[in-house]
Undergrad: 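Before we start, here is the structure in question, set down as structure tokens.
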There are 2 protein chains.
Amino acid sequence: MPKSSPATGSTRLRADDWVERGLALLMTEGLGAIKISRLCRDLGVTKGSFYWHFSDVDSLMGAIAERWCTRTREELSRLHKVQGLPPLERIRLMGLRLVDEPSEHVERALREWAVHDSDVAAVLRETEQFIFEVVHDALVELGYDEEAARLRAGLLVYAGIGFAYGQQALPKPTAKDINDLVGFIAGDVAR
Amino acid sequence: MPKSSPATGSTRLRADDWVERGLALLMTEGLGAIKISRLCRDLGVTKGSFYWHFSDVDSLMGAIAERWCTRTREELSRLHKVQGLPPLERIRLMGLRLVDEPSEHVERALREWAVHDSDVAAVLRETEQFIFEVVHDALVELGYDEEAARLRAGLLVYAGIGFAYGQQALPKPTAKDINDLVGFIAGDVAR
DNA sequence: ACCTGAACACCGTTCAAGT
DNA sequence: ACCTGAACACCGTTCAAGT
């Protein structure tokens with residue numbers, strides 16, 4: 001089993017090492033930190049090395065995005081297992097996922113990114129669609145009609161996206177707020 | 001009364017001309033289009049000219065942001081005049097403002113921007129806070145208690161921010177959706 | 001197969017010199 | 001007061017040459 005860290009084993013790099021370091025930079029310092037000169041310094045090689053692995057900087061970006069997309073999909077499929085839980089609980093879990101985003105930096109950067117990269121845009125859409133559907137279906141199961149479920153699920157997902165961008169004029173919502181929110185979204189039956 | 005266009009009158013530029021052109025570029029082609037070499041080409045001068053008016057590119061950015069902020073504040077104060085309208089109508093107007101953003105490009109760019117520029121962040125906060133308060137107060141006027149009003153107003157504002165960023169996995173909301181939404185947010189009394 | 005080193009284009013920044 | 005022109009640093013990109 002090959003190691004991905006350049007520190008262990010061979011001194012040569014694989015494309016993987018660049019992607020990994022790039023994703024790490026994206027999460028800690030944001031999109032602006034991904035410079036190939038910076039990556040070279042971090043990885044201890046010269047620029048020529050980079051251009052052996054990638055055709056240009058956009059290609060690296062694409063690879064980083066792809067890796068993030070894969071991980072996000074895995075996370076979503078893990079979330080799929082919540083289908084056994086009661087509907088209100090499912091809604092609550094989706095709400096929490098929207099808020100306590102651990103890698104907030106990535107989410108923001110990828111949204112900027114999605115403007116220019118259709119692959120990234122596709123995975124973001126997939127994620128939003130997934131969450132929307134879980135909430136929507138849970139609401140239908142609770143007895144809401146199609147239109148009511150659509151409106152409420154849409155509102156929740158959009159609000160979730162907004163959380164990631166809000167300038168906390170309004171305080172960042174807490175876990176309690178999420179509970180209240182679920183109570184409101186599915187309130188007619190929850191109370 | 002001095003003209004701001006370099007085409008009329010003198011051939012010399014004022015700082016204003018750079019800001020105006022920069023804001024135009026921001027709206028039409030996004031943040032990435034603001035290069036000082038590009039601006040020089042558009043305005044028909046050399047880079048030295050730019051550096052007579054501004055200390056660096058960040059300073060231009062700041063000036064562009066400031067101008068946008070001024071315009072946004074004016075727009076908000078115009079919106080203040082809706083205070084005479086019935087509460088539900090006020091909520092509906094705020095909802096519409098959040099959606100039919102004509103200069104969507106600017107809003108997105110400025111949010112990126114706000115991460116690094118606290119002035120821009122401040123005006124974004126102001127805007128969000130303003131809309132939040134209008135909705136909140138309208139809800140209180142409709143008979144909601146403090147906590148219910150806070151939750152609902154917050155949800156609406158965050159959803160509005162989310163609209164600007166959603167990858168339309170879910171369809172962009174229409175004016176009718178906004179009406180339905182208002183019916184939901186203030187539903188207990190509206191129906 | 002993976003990397004160095006030197007080259008080049010492009011962009012931000014500076015500054016002496018021009019009107 | 002406003003601008004030119006030439007210079008320099010920095011970054012992305014290319015490529016011949018090395019192991």
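Lettering of chains follows the sequences in order, A, B, ..., and the numbering in each one begins at 1.
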Undergrad: Please give, in whole Å, the distance from D:dT13 P to A:K35 NZ?
TA: 11 Å
Undergrad: Can you tell me the distance, in whole Å, between the CZ atom of A:F54 and the P atom of D:dT13?
TA: 13 Å
Undergrad: Do A:L155 and B:I185 have side-chain heavy atoms sitting under 4.5 Å apart?
TA: yes
Undergrad: Look at B:H53 and D:dC3 and indicate whether a side-chain polar atom (N or O) is within less than 4.0 Å of OP1 or OP2.
TA: yes
Undergrad: Rounded to whole angstrom units, what separation is found between the NZ atom of A:K47 and the P atom of D:dT14?
TA: 12 Å
Undergrad: In whole Å, what is the span from the CE atom of A:M61 to the P atom of D:dC11?
TA: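 For the pair A:M61 CE and D:dC11 P, the rounded distance is 15 Å.
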Undergrad: Can you tell which of C:dT4, D:dC3, C:dG12 lies closest to the side chain of B:I36?
TA: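 Selected nucleotide: C:dG12.
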Undergrad: Rounded to whole angstrom units, what separation is found between the CZ atom of B:F50 and the P atom of C:dT14?
TA: 10 Å
Undergrad: Please verify the inter-ring angle class for B:H53 with B:W18; under 30° counts as parallel, over 60° as perpendicular, anything in between as tilted.
TA: tilted
Undergrad: Just how far, in rounded Å, is P of D:dC3 from CZ of B:R14?
TA: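 It works out to 11 Å between those atoms.
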Undergrad: Taking CZ from A:R38 and P from D:dC10, how many angstroms apart are they, rounded to a whole number?
TA: 16 Å
Undergrad: Categorize B:S37 for me: base, sugar-phosphate, or nothing, with a 4.0 angstrom heavy-atom threshold over every strand shown.
TA: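 B:S37: backbone/sugar contact only, no base atoms under 4.0 Å.
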Undergrad: How would you label the contact of A:S59 with the nucleic acid (heavy atoms, under 4.0 Å): base, sugar-phosphate, or nothing?
TA: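 The residue A:S59 makes no contact with any strand.
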Undergrad: Calculate the interatomic distance between A:D58 atom CG and D:dC11 atom P; express it in whole Å.
TA: 18 Å
Undergrad: Is the shortest heavy-atom distance from the side chain of B:F54 to the side chain of B:I36 under 4.5 Å?
TA: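 The answer is no, as the side chains (C-beta and beyond) never meet within the 4.5 Å cut-off.
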Undergrad: With the threshold set at 4.0 Å, does a side-chain nitrogen-carboxylate oxygen contact exist between A:E66 and A:R73?
TA: no
